[in-house]
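This report refers to the structure that appears directly beneath it.
Basis for what follows: all heavy atoms, side chains included, without hydrogens, waters or symmetry-related copies.
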Amino acid sequence: MKNKLTKKTKKAICIYIAALLILYVVVEILPRVTDIFETTQVLEPGNLKLSYETKGYLIKEESVGIAYETGQIEYLTEVGAAIKRGHPLVAVEADKDPGDKTPRYEDYTERLAGYDGLYSDYSAPISGVFSLTIDGYEDYFIPENMHTMKRHTVEHIGLKPAELERKSVIRGEPIYKVTWDDYWYVLCWVEKETAETYTEGKSVILELPEGEVNARIHSIEKEENSDDYRVIFYLNVYYEALAESRAEDISIVTSDNEGLLIDNKCIIEKNGQTGVYVVNKNGDYVFTRIKVIAYDDKHSVIEDVTFYDEEGNQVYTVDVYDEVLKNPKGALEKDLQQEAKEAEQSDKED
């Protein structure tokens, strides 16, 4: 026998469903509808950061130490330490009877065969940062190759770093790495639209996992037979993970500007001048010139109070908390019609 719902239960269910519908309208629909009916925007201080997210590859000069004997190893330098050329890095106490042991890390040493950055010294062959991590591509991600690297090739390299720290070594094995840190590069690929906003020599900020670093755009090159653009950044600053890292998720920050934040749809051009329509105390719409500092597809940052135009004239512009029209086309048409009438009347009087 089925249980029938009581009128009281049915009423409670209806109220519950109605409450959910109201909540949905308030959260999802109302903000969109409200924005439609908002006709003005109040200008407030803000900042606009223009950045591009991509994968960056660290290009650097590195030396890899190779054990010339089998035995027990002692590390004389801490990982991450900045060392000078000739500084003692490791010491190996050779085994009296090393036997015929097969070296480990063969995948890495095979890739590095013939690399002129391999050394059998236990002292630093170059100045730089001491590391116990290699990936076998120390001879590939170097400045000499960076202008010819192909995106498809680089992105399909299986980077599998190996940790070298251990108690014993076998002759022929890699035992340390030193990364030259006077200067280094970051290589990435960007789309054409982004590349066109970059200029060689421009200073930018690279946001990396271990922090921000200042960089300079070294070169912008279109990759042959591809729509991609190869962008290389030059750096001569400290980065904690320089020796350990090869590929990083990066954010290229080309500008981070402060000023008055405004929606782009508020901005309009009148008689060749860029401006907005400000609502004055009388409720009238007054065209006011502005100077855009930076913009993206939705917002702009503009100067406040005054700015100097291209001819060196001081222009009084908008100020904080000014109220501007969001859809100024109607005001512009009315303004132009009024000016045309006044000009016509003036001609008649003359």
Take Arg289 and Asp309 through the test salt bridge (charged side-chain N to carboxylate O under 4.0 Å, His left out) and record every step on the way to the result.
-> CA-CA 10 Å; Arg289 291 175 63 187; Asp309 63 16; 3.7 Å; yes
So does [X] have more than 12 non-hydrogen atoms from other groups sitting under 6.0 Å from [atom1]?
X      : atom1 : value
Tyr115 : OH    : yes
Tyr185 : OH    : yes
Glu191 : CD    : no
Lys329 : NZ    : no
Glu53  : CD    : yes
Asp227 : CG    : no
Glu144 : CD    : yes

Compare all side-chain heavy atoms of [X] with those of [Y] and state whether any distance is below 4.5 angstrom.
X      : Y      : value
Asp319 : Asp322 : yes
Val276 : Val318 : yes
Glu44  : Tyr321 : yes
Phe287 : Pro328 : no
Glu303 : Val315 : no
Ile73  : Val92  : yes
Glu93  : Glu74  : no
Val79  : Glu165 : no

Give the intermediate values and the outcome of side chain to side chain contact (heavy atoms under 4.5 Å, CB included) for residues Tyr140 and Asn145.
-> CA-CA 7 Å; Tyr140 180 71; Asn145 293 341; 4.2 Å; yes
Asp249 vs Lys55, salt bridge (charged side-chain N to carboxylate O under 4.0 Å, His left out): CA-CA, chis, key distance, verdict = CA-CA 5 Å; Asp249 291 326; Lys55 178 76 74 176; 3.0 Å; yes
Hey, mind stepping through Glu163 and Thr133 against side chain to side chain donor-acceptor pair (under 3.5 Å) and telling me if it holds?
-> CA-CA 5 Å; Glu163 297 300 323; Thr133 303; 3.1 Å; yes
Hey, does the side chain of [X] reach the backbone of [Y] with a donor-acceptor pair shorter than 3.5 angstrom?
X      : Y      : result
Ser127 : Arg85  : yes
Thr39  : Leu325 : no
Trp184 : Glu61  : no
Asp135 : Tyr137 : yes
Asp121 : Ser123 : no
Ser131 : Glu244 : no
Arg230 : Leu187 : no
Thr70  : Arg171 : yes

Side-chain donor-acceptor pairs under 3.5 Å in residues 196-210, sequence neighbours left out?
from	atom 1	to	atom 2	distance (Å)
Thr197	OG1	Thr194	O	2.6
Glu200	OE2	Ile220	N	3.4
Glu207	OE2	Lys49	NZ	3.0

On a heavy-atom basis, which atom in [X] and which in [Y] lie closest, and how many Å separate them?
X      : Y      : value
Glu78  : Phe130 : O-CD2, 3.5 Å
Pro125 : Tyr176 : CD-OH, 3.6 Å
Ala247 : Leu159 : CB-CD1, 4.1 Å
Asn264 : Ser300 : OD1-OG, 2.6 Å
Thr77  : Pro88  : OG1-O, 3.0 Å
Glu62  : Ala243 : OE2-O, 4.1 Å

Cluster overlap [X] with [Y], hydrophobic side-chain contacts below 4.5 Å:
X      : Y      : answer
Tyr52  : Val154 : no
Tyr75  : Ile134 : yes
Ile232 : Leu58  : no
Tyr308 : Val292 : no

Compute whether any side-chain donor of one residue and acceptor of the other, for Glu333 and Gln337, lie under 3.5 angstrom apart.
->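 Result is no, nothing qualifies.
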Residue pair Asn257, Leu48: steps toward the side chain to side chain contact (heavy atoms under 4.5 Å, CB included) verdict = CA-CA 5 Å; Asn257 297 283; Leu48 187 65; 5.5 Å; no
Residues two or more places apart in sequence or in another chain: which of them pass side-chain hydrogen bond (donor to acceptor under 3.5 Å, both in side chains) with Glu223?
->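 Result, side-chain hydrogen bond (donor to acceptor under 3.5 Å, both in side chains) vs Glu223: Trp189.
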Please identify each residue that fulfils side-chain hydrogen bond (donor to acceptor under 3.5 Å, both in side chains) with Glu173, with sequence neighbours left out.
-> Arg104, Arg166
Derivation of the side chain to side chain contact (heavy atoms under 4.5 Å, CB included) call for Lys334 and Tyr277 | CA-CA 12 Å; Lys334 187 177 179 181; Tyr277 275 91; over 6 Å; no
Could you measure the distance from the [atom1] atom of [X] to the [atom2] atom of [Y]? Nearest 0.5 Å is fine.
X      : Y      : atom1 : atom2 : result
Ile290 : Thr274 : CD1   : OG1   : 6.5 Å
Lys265 : Ile268 : NZ    : CD1   : 13.5 Å
Thr40  : Asn327 : OG1   : CG    : 10.5 Å

Name of the residue among Lys192, His152, Arg151 meeting side chain to side chain donor-acceptor pair (under 3.5 Å) with Asp228 = Arg151
Do Tyr122 and Tyr68 have ring centres separated by under 6.0 Å?
->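 Yes, the ring of Tyr122 comes within the 6.0 Å limit of the ring of Tyr68, centre to centre.
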With Glu138 as reference, evaluate Lys177, Arg111, Lys60 under the salt bridge (Lys or Arg N to Asp or Glu O under 4.0 Å) test and give the passing residue.
->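 Of the listed options, the one satisfying the test is Lys177.
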Let me see the working for Leu76 and Leu89 under side chain to side chain contact (heavy atoms under 4.5 Å, CB included), right down to the final yes or no.
-> CA-CA 5 Å; Leu76 308 177; Leu89 301 177; 5.9 Å; no
